[in-house]
Amino acid sequence: MADAISEKPARERSPSFPFISLKAAVERLTEYEAKFGRTDPTADRVYLAWGMSGDTSQSQQTLAALKAFGLVDYRGAGAKRFVTISHEGRTYLRAQQEQVRKDVLKRV
């Protein structure tokens, strides 16, 4: 009987899905870059760029969506986890040609 219980099939998880759309993520990335420029803030201060109140679940989920799309990277851990714009995010922000931006969006 104990063997039958321990052989229960593993539960399948749903695939992760970002909290916001790609379009909204790009808008948030632009706001982030306008507020912080090349400075890397800690993750608990990123909400300042988006006009959100405090380090809320909404700001954390928005940041996680940017990470899921590959637009930002983390450096460090815990209270000292810094957020930096990824190579793809920088390429999108600095692109002069619309085709380059479209290519970045396809990759992310």
Original post:
When clusters are formed by joining ILVMFWY residues with side-chain heavy atoms under 4.5 Å apart, either directly or through shared neighbours, do I20 and L63 land in the same one?
Top reply: yes

Original post:
Under 4.5 Å between side-chain heavy atoms, hopping through other hydrophobics if needed: is there a path connecting F36 to Y47?
Top reply: yes

From [X] atom [atom1] to [Y] atom [atom2], the distance as rounded to the nearest 0.5 Å:
X: L66; Y: Q61; atom1: CG; atom2: CD; value: 13.0 Å
X: L105; Y: F69; atom1: CG; atom2: CZ; value: 10.0 Å
X: D44; Y: T56; atom1: CG; atom2: OG1; value: 12.0 Å
X: F19; Y: Q58; atom1: CZ; atom2: CD; value: 5.5 Å
X: L22; Y: K106; atom1: CG; atom2: NZ; value: 13.0 Å

For a 4.5 angstrom cut-off between non-hydrogen side-chain atoms, does [X] reach [Y]?
X: K35; Y: W50; result: no
X: R90; Y: R38; result: yes
X: Y32; Y: I85; result: yes
X: T62; Y: M52; result: yes
X: R81; Y: T42; result: no

**OP:** Taking salt bridge (charged side-chain N to carboxylate O under 4.0 Å, His left out) as the test, write out the residues that go with E31, two or more places apart.
**Re:** R28

Restricting to non-hydrogen atoms, name the atom on [X] and the atom on [Y] that form the minimum distance, rounded to 0.1 Å.
X: V104; Y: E88; result: CG1-O, 3.5 Å
X: A95; Y: V100; result: CB-CG1, 3.7 Å
X: V46; Y: P41; result: CG2-CG, 4.1 Å
X: V83; Y: A43; result: CG2-CA, 3.7 Å
X: G70; Y: S86; result: O-OG, 2.5 Å
X: S59; Y: G54; result: OG-O, 3.7 Å

Original post:
Does CD in Q97 sit with more than 12 non-hydrogen atoms of other residues, nucleotides or ligands closer than 6.0 Å?
Top reply: no

**OP:** Evaluate whether atom CZ of R107 has more than 12 neighbouring non-hydrogen atoms of other residues, nucleotides or ligands under 6.0 angstrom away.
**Re:** yes

Subject >> Any donor-acceptor pair under 3.5 Å from T84 side chain to D40 backbone >> reply: no

